[in-house]
Amino acid sequence: VARRLSLRKHPECHSMAGGKAIEHLAQTGNQELLTFRLPMQQYRNCDFSFSGLQNLVSNAIVQKEKEEGIQEGELLSCVKDVAAAVQHAVAVHIIQRTYRAMLFCIKNSILPSKNATLVVSGGVASNQYIRKALQNLADTNDFALLCPPPRLCTDNGVMIAWNGIERLRAGLGVLHSAAGIRYEPR
């Protein structure tokens, strides 16, 4: 979304990563000026998916560009409102799905009945709006919330690569040839 909004061209965001730029602009945007349908509402499971939301946002951006008479790549006058609406929709989707997962774990005795903990890491855990929503969810359901400090909430790909380096150094679970390995994306 940040790339599609050309946030690198925004004077307040030119040196920020996309997620950080969305969070920054959303602070002064009006999330109620745009409403995005939440993804996967028809599925009663714990899965996350943002592709449907991304399509809705892209279509809304195209519509706003037409309304403002600007080309793709130019900054919308309502960019802060788009950022706020997107951030809110992402937060609500995460909260709904996480709540379902919490209920599933409680119902199936996967978690202890006392002192259950919700751990959130990766890039999403650096967003203060989402973190606050998760804190509210945890508090409401008597869970502790653990998040690393934002400076350590990097992209999951980076964390996975780091784990791979540490495992390689330790000689744990390292395959020296990928020949004969099958994988299925789902």
Side-chain angles (χ1 to χ4, degrees), residues 1-10 12-27 39-40 43 45-54 57 83 86-87 89-139 141-186:
V1 171
R3 191 176 308 119
R4 180 59 183 86
L5 287 171
S6 302
L7 295 187
R8 290 240 183 242
K9 294 180 179 178
H10 195 284
E12 297 175 30
C13 304
H14 63 88
S15 63
M16 292 180 185
K20 185 67 180 167
I22 294 283
E23 180 181 10
H24 174 75
L25 294 175
Q27 291 173 352
M40 302 180 67
Y43 299 108
N45 58 31
C46 304
D47 296 345
F48 295 92
S49 176
F50 297 96
S51 59
L53 179 59
Q54 184 176 350
V57 172
V86 168
Q87 177 179 255
V90 167
V92 172
H93 182 56
I94 289 171
I95 296 307
Q96 284 182 350
R97 296 301 167 154
T98 302
Y99 181 55
R100 284 190 182 141
M102 292 163 71
L103 291 176
F104 176 85
C105 290
I106 292 166
K107 179 182 176 189
N108 293 289
S109 302
I110 296 170
L111 296 173
S113 58
K114 301 270 185 198
N115 303 321
T117 302
L118 173 63
V119 178
V120 182
S121 63
V124 70
S126 68
N127 181 293
Q128 295 303 306
Y129 184 84
I130 295 172
R131 193 185 280 227
K132 184 176 180 183
L134 287 165
Q135 185 66 64
N136 291 339
L137 176 68
D139 291 345
N141 292 282
D142 295 321
F143 274 62
L145 176 69
L146 293 180
C147 296
R151 67 182 177 79
L152 297 177
C153 295
T154 58
D155 181 89
N156 288 337
V158 173
M159 294 188 322
I160 292 166
W162 181 15
N163 179 271
I165 290 170
E166 294 299 326
R167 293 179 66 81
L168 180 64
R169 286 181 180 155
L172 299 172
V174 177
L175 296 175
H176 297 285
S177 170
I181 296 175
R182 286 192 37 199
Y183 67 92
E184 294 179 25
R186 296 194 180 262

Task: Glu23 and Ile130: CA distance, side-chain angles, deciding distance, side chain to side chain contact (heavy atoms under 4.5 Å, CB included) verdict - done: CA-CA 9 Å; Glu23 180 181 10; Ile130 295 172; over 6 Å; no
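Counting heavy atoms from C-beta on, the side chains of Ile95 and Leu134 come closer than 4.5 Å. Proximity of Met102 to Leu137: side-chain heavy atoms (C-beta onward) are separated by under 4.5 Å at one or more points. Residues Gln135 and Cys147 fail the side-chain proximity criterion, which asks for heavy atoms closer than 4.5 Å. Side-chain atoms of Phe104 and Ile110, non-hydrogen and from C-beta on, do get closer than 4.5 Å to each other. Counting heavy atoms from C-beta on, the side chains of Arg4 and Val57 never come closer than 4.5 Å. Side-chain contact between Phe50 and Ile94 is present, with at least one heavy-atom pair separated by less than 4.5 Å. No side-chain heavy atom of His10 sits less than 4.5 Å from a side-chain heavy atom of Leu5.
The nearest pair of heavy atoms linking Gly18 to Ala2 is CA-CB, 3.4 Å. Considering all non-hydrogen atoms of both residues, Gly123 and Ser126 come closest at O-OG, 2.7 Å. Shown here for Glu12 and Leu25, the closest heavy-atom pair between the two residues is OE1-CD2, 4.1 Å. Between Leu7 and Cys13, the closest heavy-atom pair is O-CB, 3.5 Å. Smallest separation of non-hydrogen atoms from Pro148 and Val120: CD-O, 3.2 Å. When all heavy atoms of Asn127 and Gln87 are compared, the pair lying nearest together is ND2-OE1, 2.9 Å.
To the nearest 0.5 Å, atoms CD1 (Ile106) and CZ (Phe143) are separated by 4.0 Å. Once rounded to the nearest 0.5 Å, the distance linking CD of Gln128 with NZ of Lys20 reads 7.0 Å. Note that CG of Asn141 is 9.5 Å distant from CG of Leu118, once rounded to the nearest 0.5 Å. To the nearest 0.5 Å, atom CG of residue Leu103 and atom CG of residue Asn108 are 10.5 Å apart.
Formation of a donor-acceptor pair under 3.5 Å by the His93 side chain with backbone atoms of Phe48 is not found in this model. A donor-acceptor contact shorter than 3.5 Å is absent between the side chain of Arg8 and the backbone of Arg3.
For Asn115, the CG atom is loosely surrounded, since the number of other residues' heavy atoms within 6.0 Å does not exceed 12.
Under the salt bridge (Lys or Arg N to Asp or Glu O under 4.0 Å) criterion, Arg169 pairs with Glu166, not counting sequence neighbours.
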